[in-house]
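Each remark here refers to the structure printed beneath this line.
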Amino acid sequence: MNDFNKVKVAVAGASGSAGGEILRLLLGHPSIEIGALTASSSVGEPLRNHHPHLFDLANRILEPTDSEHLRDHDVIFLGLPHGASAEVTNALRASGSKAILIDAGADHRLTDPQAWRDYYHSEPAEPWTYSMPELLHQGETRAKAQREALAGAREIAVPGCNVTAVTLALQPAVAAGLIDPKDIVANLAVGYSGAGKGLKPHLMMLAGLGNAQGYSMAGTHRHIPEIIQNLQVAGAGEVKLSFTPVLVPMNRGILATVTAPLTGGKTAADLRAAYQATCEPEPLLEFLPEGIWPTLTMVTGSAKAAIQVAVDERAGKVVAQCAIDNLGKGTACAAIQGMNLALGLPELTGVPTVSTAP
């Protein structure tokens with residue numbers, strides 16, 4: 001803690017989409033003092049050039065992302081490309097920094113080193129405590145073990161945004177043994193902010209407006225092993241997942257539609273009971289009334305996840321949907337939840353729970 005009895009926080013990668021959303025939430029957090037804002041290629045520029053909506057920080061100058069500028073903080077958020085976070089954290093620990101480190105990138109999410117090698121084609125870093133408080137562990141109907149792991153954690157990995165949507169859509173059915181996890185199909189409509197701010201031809205307005213385009217197709221998306229990891233934590237054995245993300249012309253949001261075979265002898269009533277038991281105690285998981293399906297405007301700008309499930313009787317399949325804001329519950333809100341639990345603060349402090357719709 002600093003002299004003002006507030007938590008001093010730095011944000012590395014402050015010019016990026018994740019960094020900007022984390023800063024937006026930190027500005028409304030009553031226990032936080034915002035310290036260093038760092039970047040890479042945009043060092044020396046005012047934050048205004050990248051996030052003109054953050055008026056209170058607009059004139060702050062972006063500093064280099066190194067241990068000298070970051071180490072003297074209580075909490076450090078890392079909004080960096082994969083591979084960069086591990087290098088920075090190694091330098092911070094070598095410098096003697098005792099900060100809580102919260103990585104919004106992929107470096108510390110996977111517990112299986114071979115899964116990292118297979119999908120990221122490099123050597124893995126160590127896994128950190130996973131910042132999905134709502135993640136069910138085998139045998140749970142209400143998430144407890146993950147919150148216990150986050151309490152007092154010093155190194156925290158924020159889930160992937162697509163991972164969050166698919167996990168929350170399907171984990172109640174997995175934990176209750178209501179689906180066959182060897183035949184899961186997930187189709188996602190994803191907003192462009194999920195692809196970052198890089199100037200790539202297929203991410204420009206001319207390519208995106210009025211268009212829809214798949215990416216990382218046919219089993220190549222890097223979030224696949226993380227989804228499998230989560231479902232196995234929830235109690236699945238072997239998981240086979242077909243995962244298809246599609247960019248659609250919207251700024252933010254993910255609508256995940258996930259299907260899997262219904263376990264023999266189980267009913268739609270069993271399914272709804274399992275989802276009710278899982279979602280009802282969770283302040284951020286909104287299990288919708290029967291027949292009402294999630295929309296992105298329900299969750300835009302918030303930490304909420306809107307969830308629905310039904311049985312396609314003719315096909316014998318469970319159909320689950322989850323809508324989240326990819327920058328909200330999919331990234332920044334999960335990061336703030338993890339920080340709050342690590343610091344012993346109420347979990348939803350500074351976490352927005354109301355959408356900005358329309």
Side-chain angles (χ1 to χ4, degrees), residues 9-14 16-19 21-22 38 40 65-67 70-71 73-135 137 143 145-167 194 196 221-234 326-327 329-343:
V9 173
V11 176
S17 297
E21 188 72 355
I22 288 169
T38 78
S40 179
T65 299
D66 55 31
S67 58
L70 292 171
R71 64 186 174 208
H73 292 80
D74 301 306
V75 177
I76 302 170
F77 289 93
L78 304 168
L80 305 173
H82 79 267
S85 298
E87 182 179 347
V88 172
T89 57
N90 289 339
L92 282 166
R93 292 308 188 218
S95 75
S97 172
K98 303 297 183 184
I100 295 172
L101 302 179
I102 303 177
D103 184 16
D107 287 24
H108 301 281
R109 294 171 183 164
L110 296 182
T111 58
D112 180 355
Q114 191 57 48
W116 178 274
R117 295 186 188 102
D118 290 345
Y119 281 85
Y120 291 87
H121 311 296
S122 62
E123 285 304 301
E126 62 178 338
W128 288 357
T129 306
Y130 196 65
S131 192
M132 186 185 290
E134 302 87 358
L135 180 64
H137 286 234
Q146 200 61 35
R147 286 187 167 90
E148 291 176 347
L150 285 162
R154 307 298 300 176
E155 296 172 328
I156 296 171
V158 178
C161 54
N162 296 310
V163 178
T164 297
V166 176
T167 300
H221 198 287
R222 289 166 168 170
H223 285 174
I224 290 172
E226 190 182 343
I227 295 169
I228 292 172
Q229 176 177 290
N230 286 352
L231 297 182
Q232 289 178 330
V233 168
N326 60 296
L327 293 177
K329 181 56 178 163
T331 307
C333 294
I336 301 298
Q337 283 179 269
M339 178 190 72
N340 288 337
L341 288 167
L343 292 170

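We're numbering straight along the sequence, starting at 1.
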Show your working on side chain to side chain contact (heavy atoms under 4.5 Å, CB included) between Leu101 and Arg154 and close with a plain yes or no. CA-CA 6 Å; Leu101 302 179; Arg154 307 298 300 176; over 6 Å; no

Calculate, to the nearest 0.5 Å, the distance between atoms NE2 and OH belonging to His223 and Tyr119 respectively. 12.0 Å

If you take all heavy atoms of Asp107 and His82, which pair is closest and at what distance? OD1-CA, 3.1 Å

Side chain to side chain contact (heavy atoms under 4.5 Å, CB included) between Asp103 and Val158, worked out: CA-CA 6 Å; Asp103 184 16; Val158 178; over 6 Å; no

Of all heavy-atom pairs between Thr129 and Ala153, which one has the smallest distance, and what is that distance? OG1-CB, 3.9 Å

Between atom CG of Leu78 and atom OG1 of Thr38, what is the distance when rounded to the nearest 0.5 Å? 8.0 Å

Using modelled atom types only, decide if a donor and an acceptor are shared between the side chain of Arg147 and the backbone of Ala151 within a distance under 3.5 Å. no

From Arg222 atom CZ to Asn162 atom CG, the distance as rounded to the nearest 0.5 Å: 13.5 Å

Non-neighbouring partners of Glu126 that pass side chain to side chain contact (heavy atoms under 4.5 Å, CB included), sequence neighbours left out: His108, Trp128, Glu155

Thr331 side-chain N/O to Asn326 backbone N/O, donor-acceptor pair under 3.5 Å: yes

For the residue pair Ile156 and Ala342, what are the closest heavy atoms and their distance? CD1-CB, 3.8 Å

Examine distances only and state if a side-chain atom of Ser131 and a backbone atom of Ala335 form a donor-acceptor pair shorter than 3.5 Å. no

What is the distance from atom CD1 of Ile228 to atom OG1 of Thr167, rounded to the nearest 0.5 Å? 10.5 Å

When rounded to the nearest 0.5 angstrom, what distance separates CD in Glu134 from OG1 in Thr164? 8.5 Å

Heavy-atom closest pair, residues Pro133 and Leu150: CG-CD1, 3.9 Å

Between Thr111 and Trp116, is any pair of side-chain heavy atoms under 4.5 Å apart? no

Contact between Gln337 and Lys329 at the side-chain level, heavy atoms closer than 4.5 Å - yes or no? yes

Looking only at the side chains, is there a donor atom on one of Ser95 and Ser67 sitting less than 3.5 Å from an acceptor on the other? no

Identify the two heavy atoms, one from Pro159 and one from Met132, that lie closest to each other, and give their separation to 0.1 Å. CG-CB, 3.9 Å

Evaluate Leu70 against Asp66 for side chain to side chain contact (heavy atoms under 4.5 Å, CB included), listing each step before the verdict. CA-CA 6 Å; Leu70 292 171; Asp66 55 31; 5.8 Å; no

Identified side chain to side chain contact (heavy atoms under 4.5 Å, CB included) partner of Val9 from the options Val75, Ile76, Ile102, Ile100: Val75

Here the pair of heavy atoms bringing Arg109 nearest to Ala104 is NH2-O, 3.0 Å

Would Tyr130 and Glu226 count as a side chain to side chain donor-acceptor pair (under 3.5 Å) if you check the C-alpha gap in whole Å, the side-chain angles of each, and the deciding distance to 0.1 Å? CA-CA 11 Å; Tyr130 196 65; Glu226 190 182 343; 2.5 Å; yes

Rounded to the nearest 0.5 Å, what's the gap from OG on Ser17 to CD1 on Ile22? Could you check? 11.0 Å

